Number of protein chains: 4
Amino acid sequence: MQKPDAVKRERILRVAARLFAHRPYHGVTLGDVAAGARVGKGTLYVYFRSKEALFGAILDEAFVRVVDDIEASLIGASGGAWERLEIVVRGLVKFGGAYPAMFRLMRAGVDVSGPIKRRARTRLLDLVERVVGEGVRAGELREQRADLAAGCIVSCVRGAMLFGPEGLPEREIVGHVLGMLRSGVVRGSGAAPPRRKP
Amino acid sequence: MQKPDAVKRERILRVAARLFAHRPYHGVTLGDVAAGARVGKGTLYVYFRSKEALFGAILDEAFVRVVDDIEASLIGASGGAWERLEIVVRGLVKFGGAYPAMFRLMRAGVDVSGPIKRRARTRLLDLVERVVGEGVRAGELREQRADLAAGCIVSCVRGAMLFGPEGLPEREIVGHVLGMLRSGVVRGSGAAPPRRKP
Amino acid sequence: MQKPDAVKRERILRVAARLFAHRPYHGVTLGDVAAGARVGKGTLYVYFRSKEALFGAILDEAFVRVVDDIEASLIGASGGAWERLEIVVRGLVKFGGAYPAMFRLMRAGVDVSGPIKRRARTRLLDLVERVVGEGVRAGELREQRADLAAGCIVSCVRGAMLFGPEGLPEREIVGHVLGMLRSGVVRGSGAAPPRRKP
Amino acid sequence: MQKPDAVKRERILRVAARLFAHRPYHGVTLGDVAAGARVGKGTLYVYFRSKEALFGAILDEAFVRVVDDIEASLIGASGGAWERLEIVVRGLVKFGGAYPAMFRLMRAGVDVSGPIKRRARTRLLDLVERVVGEGVRAGELREQRADLAAGCIVSCVRGAMLFGPEGLPEREIVGHVLGMLRSGVVRGSGAAPPRRKP
DNA sequence: CATGAATGAGGATTCATTCAT
DNA sequence: AATGAATGAATCCTCATTCAT
């Protein structure tokens, strides 16, 4: 008797993630997934309750990875709020590069029942919000709504990677986003707007 | 007054836009659209070649509206680059508020065959890129990659509106995004970052 | 534009009834039904909400027919309770012969959600129970539980038709069941048959 | 004590019988049976060649039991034909009460390939037919077609138990069926119960 | 023997599209 | 032009059966 094969589960997950990354939810058939993972269609149901559950698992695992990765990097970092934000952005970009699926999967569609996606997305947004919030409380960042800022920051990276020119090296994306971000949120930075409402 | 045909076409578009805004492409059936617009299913094919064409038309018309609206506002504006950027952001937020469908429809998925969406999206990104670029060339904005910046800015607004807390007044969103944006991109603004830019 | 075609609906119903009569619920595929009725599979869904609804409709219509038929015969009948019972049995047998499907469909399986079948079956059982009950109240029949008797009588006819030797003429079945019903099987017990056994 | 194998086989049969009694053939999965019997799905195939074979075994064993039980009771009984019929009816009712599955399993559907069921059912019908036939030959019962009568009698009991009011005590069912059987339903017809409970 | 992971044929159902009216 | 009945391809999912362990 065989035991549930973690390797096989992983293979299914990987194949499915790649497919979902390039086609919308309903554009991916379980036949595609099964064929891609070289398993029978029925086998998918041994590891996932339904197509939706499979999709949810992909999102969940991906988000868990980003969040875990970023949090691990944060542990070793100095306490500087800006430095921590840099780590966050770098983590997001690195992840977007390694798993191009990610940011596409994050589309705001209501593809699958809300809870699944909200939960997955929330995990990441919470992390960013926390980092921003701590920076604010520490007096290093100027920002009144950490929640709004979190959405902006993640979206910003997402926008740069999805809509920016293809093939841009990650370093450049990181640099650009940080550039925009830095002088925006660091206290004491903003000069008076040049000619604001004369 | 318009010809009855145009009215019906408009009704179909409006209903379909509302539906596509709340459900993913494949979650909307032409039956839903027909019922919502109080026309027969066959009638849809009098006005649109296919479901995909209908979806494309929605995107196109919506983007045409934002772009037209923003460009109209820009015409009367003073030449200041920042002021022009303010107009752009305000236009985006106002539009996102008036047509919540919009930003959802912009999901990065490859819901429908690429060209349609790229074309539609491009129109908006081009506008923003142009405004940023002009500002840079005029020496008022600091920004090396106007294309990247355009993606960031639009995404930023989108992120704030889609993922931020619900029911936030538009003014606050505008203020927040502009706040982040201003001191970031306006020349001469950035104070020395805590430990950066030695 | 075509209107819902009553003839087509009838054809589907007839074909499906024949199939369900010879194979159990799950042994009949909608593909079979569609092919048999020479319509597309999708067409079935124009006329019936689901397979289960189709099955329910068959039962309902069949029961409506028996019950209507029997009730019509009862109207013209003299008031004699036994005569009325004869009419009932004759109606049941005639129906079983004309629609062999009927008694098979009545299998007590829980094939489809109870309500549908119970409702359909109830209509017939109620009729029989009513006739028996009236006879008892009129003092012509002896029977304490009209409800039990109704189940017995219908089952009896069913048993005779389904399990008895094939090809037996209806007249003989009617005669036999009525014989048992009227005066039982014990010799010397029965009252003189009202107008039978000359 | 039996060998462990026999115990397991018995457990499977018992569980399966209960399931088949409440759901139609295709509504019972081997997964259900395996889970209910606390064995692996593969184990079922050690004891039964297929699902159909399992179903057939249930029917066979059940029928063997009724028939054996009734025949055992008949052995000790006096030779009176009516008394023997009473024993048959009592046996049927008792069995229907103890194994509610039975009468449900006897659905006339062609659930599984005919031979299996016909064989099983035949065993019971033959017994009843034999008893009736002997009574007729002995001049105690009046009945021209013992085969038809057998179907009627078994069906009658089945109908009373399946369609009659729930929870009716067995004694009442027996009494009712015997009442109808003995002297029919027409008032004044029936002789006093021959020798009922002297 | 026992097991349960693996399989793929098969089935109900949906829906974009066509077409007769 | 307008309609909605008709269609069948396509999809998710179930489940009896097999087989490696």
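These figures come from a predicted structure and were not determined experimentally. Quick note on labels: first sequence line is chain A, next is B, and so on, each numbered from 1.
- DNA chain E is contacted by both D/Thr43 and C/Val28; D/Thr43 maps to the nucleotide lying nearer its 5′ end (nearest heavy atom per residue).
- Taking atom NE2 on C/His26 and atom C1' on F/dT14, their separation rounds to 11 Å, with Å as the unit.
- Atom-to-atom, CG of C/Asp32 to C1' of E/dT13 comes out at 16 Å; the value is rounded to the nearest Å.
- The D/Tyr45 side chain lies nearest to F/dT17 when the options are F/dT17, E/dA16, F/dT14.
- For C/Val46, whose side chain is taken as the heavy atoms from C-beta onward, the closest listed nucleotide among F/dA5, F/dC13, E/dA12 is F/dA5.
- Using a 4.0 Å heavy-atom criterion, one finds that D/Phe48 contacts no nucleic acid atom at all.
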* **Steps toward salt bridge (Lys or Arg N to Asp or Glu O under 4.0 Å) verdict (A/Arg9, A/Glu61)** => CA-CA 12 Å; A/Arg9 184 176 191 279; A/Glu61 308 225 342; 3.3 Å; yes

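- A residue-by-residue look at A/Thr29 and C/Arg38 shows that C/Arg38 has its nearest nucleotide of DNA chain F further toward the 5' end.
- Residue A/Val39 is the one, among A/Val39 and B/Gly27, whose nearest nucleotide of DNA chain E lies closer to the 5' end (criterion: closest heavy atom).
- Counting heavy-atom neighbours within 6.0 Å of B/Arg11 CZ, excluding the residue itself, gives a total above 12.
- Side-chain atoms of A/Lys8 and A/Tyr47, non-hydrogen and from C-beta on, do get closer than 4.5 Å to each other.
- Atom CZ of B/Arg9 and atom C1' of F/dA1 are 16 Å apart (whole Å).
- Considering only side-chain atoms of B/Tyr47, the nucleotide from E/dA6, F/dT17, F/dA1 that sits closest is F/dA1.
- Atom CG of A/Leu44 is separated from atom P of F/dT11 by 14 Å (rounded to the nearest Å).
- Following rounding to the nearest Å, C/Leu19 (CG) and E/dG11 (P) show an atom-to-atom distance of 13 Å.
- Looking at A/Tyr25, its side chain never comes within 3.5 Å of a backbone N or O of B/His26 through a donor-acceptor pair.
- Between the OH atom of A/Tyr25 and the C1' atom of F/dT11 there is a distance of 11 Å, given to the nearest Å.
- Summarising the geometry, the separation between CG on D/Leu30 and P on E/dG4 is reported as 15 Å, rounded to the nearest angstrom.
- B/Lys51 comes within 4.0 angstrom of sugar-phosphate atoms only, judged by non-hydrogen atoms across all strands, and of no base.
- Put simply, B/Lys8 has a side-chain N or O that comes within less than 4.0 Å of OP1 or OP2 on F/dA2.
- Stem analysis of DNA chain F (at least three stacked-register Watson-Crick or G-U pairs, each with both distances under 3.5 Å) gives E:2-21 with F:2-21.
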* Residue pair B/Phe48, B/Leu13: steps toward the side chain to side chain contact (heavy atoms under 4.5 Å, CB included) verdict -> CA-CA 10 Å; B/Phe48 304 94; B/Leu13 274 175; 3.8 Å; yes

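- Both C/Asp5 and D/Arg49 sit near DNA chain F, but only C/Asp5 has its closest nucleotide nearer the 5' end.
- Which of E/dA6, F/dC12, E/dA16 sits closest to the side chain of B/Lys41 comes down to E/dA16.
- Side-chain contact check for A/Val15 versus A/Arg38: every heavy-atom pair is 4.5 Å or farther apart.
- Both the sub-6.0 Å distance and the 45° axial angle are not jointly satisfied by D/Lys51 relative to the ring of D/Tyr45.
- Checked by atom type and distance alone, the side chain of B/Lys41 never pairs as donor or acceptor with a backbone atom of B/Ala35 at under 3.5 Å.
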